[in-house]
Amino acid sequence: MDLYTVRKQLNMGMPLTSIKLKVTDYARVSTDHLEQKKSLQNQVEHFEQYIKQNPNWTYVRGYVDDGITGTSDIKRDNFMKMIEDARSGKFDLIVTKEISRFSRNTLDSIKYTRELLSYGVAVLFVNDNINTAMPDSELRLTIMASMAQDEIRRLSERVKFGMNRAIERGEILGNNMLYGYKKEKDTGVLNIIEDEAKIVRRIYELYGIEKLSLSKISKTLNSEGLRTCQNKKWCISTISRMIENPKYKGYYCAKKSEIVDYMTKKIKYFEKDDWIIYEDKTRIPPIIDEELWERANTRLVTRKKAFSERKEKKNIYKNRYLYSAKIYCAEHNTVFHRREFRRVKKDITWVCSEYLKNGKTTCDSPNIRESELDTIFKDLISKLQIDSKDIIDILMNYYKHLEIDTGIDEKISSIKKEINNLYTKKDKILELSIQGGLSNEEFYERNNLFNNKINTLTKELNQLKIDKDKLKTTTDKTKELKNNLKQKVNSKSMITKIISSLLDHIVVSKISNNKNNMELNIFLSYKDNDNKKLQPILRSSYEFKRGYDTKGTKRYKVYYQMNCYFGDM
């Protein structure tokens with residue numbers, strides 16, 4: 001669409017339907033309820049007919065998002081596809097029911113309509129009578145979109161208020177998707193579904209008595225062809241939530257979570273101590289006796305705590321050493337582990353985990369010495385021109401203002417000269433007074449004026465001298481700082497930090513049949529604006545001598561072929 005031409009035609013009174021355009025439509029409903037699906041079908045049929053009956057418009061197949069909320073655009077796949085197609089010029093106009101169908105977020109409504117206009121695509125909101133091709137549309141759009149956004153806020157608050165009042169009345173919340181129960185519509189009482197209740201009891205017994213893991217229980221149920229009430233396969237999280245649910249022992253439970261913000265849909269999950277929970281076996285008949293429920297939940301809490309501790313330890317190990325979880329075996333795609341071998345002196349070696357578990361018969365990957373890796377990376381840093389001098393210069397830029405020469409010496413010289421001139425003038429008026437050229441009153445008035453100026457300049461001179469001494473001290477300190485930075489940047493700890501931030505991972509493989517010839521494919525997170533693809537930037541060979549000059553020890557050579565890559569991993 002030529003926006004300038006279209007606006008000119010519209011301003012001249014030509015209706016939008018008289019302009020030749022490629023037109024599509026967008027429809028959305030926020031839930032997948034049957035009545036909403038009918039509404040969606042009606043929207044689609046109406047707009048298709050509306051576009052096709054206009055002889056000046058060419059129909060382009062519309063875009064539909066089914067059962068997706070308007071507060072989040074990321075989840076609306078077809079909406080985002082429509083934006084992409086607009087960029088490609090597939091249509092000139094989008095027809096939609098109202099702003100709330102397009103977006104209930106004011107900022108997003110403006111953002112996307114502006115973006116579409118930049119592609120030459122206008123939006124016609126039929127019910128709101130807004131055509132974004134018109135110059136005054138954005139003001140009207142802002143007002144209407146703000147009203148739509150506020151409506152969803154008020155709706156969210158009404159729902160939250162209603163739920164809190166229902167909790168106070170002890171009403172059982174939720175739909176009829178609680179496995180083992182069916183909720184009566186009129187009374188809200190839960191009735192046991194015996195076929196499902198048998199599975200619930202079995203899960204508690206398998207976990208609480210037979211001590212099966214959640215994973216084994218889910219595999220057992222799935223292997224028997226059993227499904228959840230949503231006709232999905234059993235998973236660990238589903239079984240875990242089932243075991244934790246107090247309703248299965250006949251207890252009312254509410255206020256587990258709350259939506260914090262209606263726009264982001266961020267949920268605040270409360271601690272169990274903050275839940276509203278009490279016994280209500282009249283309306284919630286128990287499927288599990290309390291003893292078994294407590295037994296299963298005690299085990300669940302213990303195992304969750306143990307798992308959390310193991311995970312924490314694993315994370316600590318992962319970041320414990322410079323090369324932890326960063327060296328991989330090309331043959332098995334398994335991580336290398338750190339080992340200390342002591343012969344004549346201590347050395348650190350990285351070995352494939354498959355080799356450590358099953359021996360060299362299963363994995364023939366070479367062992368890597370940490371000292372050799374350190375040498376390779378120091379050389380790599382120099383080749384990438386990560387110069388310590390550059391680092392020091394960057395750091396010193398933060399202290400440049402401390403060494404600014406403000407022309408202090410020139411100012412001191414100028415003030416001294418001005419003071420001397422004032423003393424000369426004082427001498428001259430004194431001579432005039434002696435010769436009778438000035439009265440005593442004139443002499444004292446001028447003399448006092450000169451004295452006041454001299455006092456002011458003297459104070460300024462003294463302050464400049466103090467500032468000069470401070471500047472000299474600061475300059476000496478920045479020189480000292482620069483020397484300290486040189487030592488720090490070139491230290492082993494700093495080199496280690498550079499390698500840590502630079503290295504993404506290393507893939508180790510053996511070259512030919514010689515265990516002493518190995519290949520390292522090193523992948524860096526280092527970015528280069530000119531080479532973003534994964535192409536080799538460095539190929540280098542390294543030779544190291546192993547063994548020690550002691551009796552019975554024979555030296556041998558180890559060869560590394562290093563290929564270095566960088567970019568998006």
Side-chain angles (χ1 to χ4, degrees), residues 1-70 72-105 108-138 140-141 144-145 148:
M1 174 193 292
D2 182 352
L3 191 60
Y4 174 80
T5 303
V6 170
R7 280 182 175 172
K8 189 175 180 180
Q9 291 172 330
L10 292 172
N11 287 329
M12 291 172 62
M14 183 181 290
L16 187 65
T17 52
S18 298
I19 302 173
K20 289 190 177 296
L21 299 169
K22 293 180 290 183
V23 186
T24 188
D25 64 277
Y26 176 72
R28 178 186 65 81
V29 293
S30 56
T31 69
D32 56 1
H33 293 163
L34 182 60
E35 58 271 21
Q36 288 274 299
K37 286 184 176 293
K38 288 181 180 178
S39 172
L40 182 65
Q41 185 179 353
N42 291 336
Q43 283 185 58
V44 173
E45 291 176 354
H46 170 74
F47 286 124
E48 183 176 349
Q49 184 181 358
Y50 174 70
I51 296 168
K52 285 182 175 179
Q53 71 182 8
N54 190 328
N56 294 310
W57 287 359
T58 302
Y59 176 71
V60 178
R61 186 176 178 181
Y63 301 82
V64 178
D65 281 314
D66 188 357
I68 301 173
T69 176
S72 175
D73 293 321
I74 296 172
K75 296 179 181 178
R76 297 197 286 164
D77 295 336
N78 285 320
F79 180 86
M80 302 312 294
K81 185 177 187 302
M82 179 179 71
I83 300 295
E84 286 298 315
D85 289 347
R87 184 186 287 112
S88 303
K90 291 187 176 181
F91 44 81
D92 305 308
L93 178 68
I94 301 168
V95 177
T96 190
K97 183 180 178 183
E98 56 194 0
I99 294 170
S100 62
R101 298 299 91 197
F102 199 72
S103 177
R104 288 190 179 178
N105 181 317
D108 283 342
S109 295
I110 296 169
K111 181 183 81 170
Y112 286 118
T113 52
R114 281 179 178 175
E115 184 179 350
L116 288 165
L117 282 175
S118 71
Y119 305 144
V121 176
V123 183
L124 176 63
F125 300 99
V126 177
N127 287 7
D128 302 305
N129 194 27
I130 296 176
N131 175 12
T132 62
M134 297 300 291
D136 66 341
S137 64
E138 187 163 304
R140 297 174 61 205
L141 179 65
M144 298 299 291

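Computed from a predicted model, the values in this text were never measured in an experiment.
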Query raised in the report: Charged N to carboxylate O below 4.0 Å: is that the case for Glu84 and Arg87?
Result: yes
Query raised in the report: What are the two closest non-hydrogen atoms of Ala27 and Val44, and how far apart are they?
Result: CB-CG2, 4.1 Å
Report task. Verify the neighbour count for atom CD of Gln53: are there more than 12 heavy atoms of other residues, nucleotides or ligands below 6.0 Å? Result -> yes
Report summary line: Rounding to 0.5 Å, atoms OG1 (Thr132) and CZ (Arg114) come to a distance of 12.0 Å
Report summary line: dist Ser137:OG -> Leu124:CG (nearest 0.5 Å) comes out at 11.0 Å
Query raised in the report: Can you tell if the side chain of Ile94 reaches within under 4.5 Å of the side chain of Leu116, non-hydrogen atoms only?
Result: yes
Query raised in the report: Is there a side-chain contact between Met80 and Tyr112, using heavy atoms and a 4.5 Å cut-off?
Result: yes
Query raised in the report: Looking only at side chains, do Tyr26 and Asp65 share a donor and an acceptor under 3.5 Å apart?
Result: yes
Query raised in the report: Measuring from Leu93:CG to Phe91:CZ, what's the distance to the nearest 0.5 Å?
Result: 9.5 Å
**Report entry** Glu45 versus Gln41, side-chain donor and acceptor atoms under 3.5 Å
**Finding:** yes
**Report entry** Sole candidate of Asn78, Thr24, Asp85 that passes side chain to side chain donor-acceptor pair (under 3.5 Å) when paired with Tyr63
**Finding:** Asp85
Query - Atom pair CD1/CD of Ile130 and Glu98 - distance to nearest 0.5 Å - result: 11.0 Å
Query raised in the report: Are any non-hydrogen side-chain atoms of Val126 and Lys97 less than 4.5 angstrom apart?
Result: no
Query - Met14 to Ile19 - nearest heavy-atom pair and separation - result: SD-CG1, 3.7 Å
Requested in this report: Mind checking the CZ-CD1 spacing from Phe47 to Ile51? Nearest 0.5 Å is all I need.
Outcome: 8.0 Å
Query raised in the report: Are Asn54 and Leu21 close enough that some pair of their side-chain heavy atoms sits under 4.5 Å apart?
Result: no
Query raised in the report: Does any non-hydrogen side-chain atom of Asn11 lie less than 4.5 Å from one of Met134?
Result: yes
Query - Reported CG-to-NZ distance for the pair Asp92 and Lys20, which is rounded to 0.5 angstrom - result: 12.5 Å
Query - Side chain to side chain, Leu10 and Asn131, heavy atoms closer than 4.5 Å - result: yes
Query raised in the report: With no hydrogens and no angle check, do the side chains of Asp25 and Tyr50 hold a donor and an acceptor under 3.5 Å apart?
Result: no
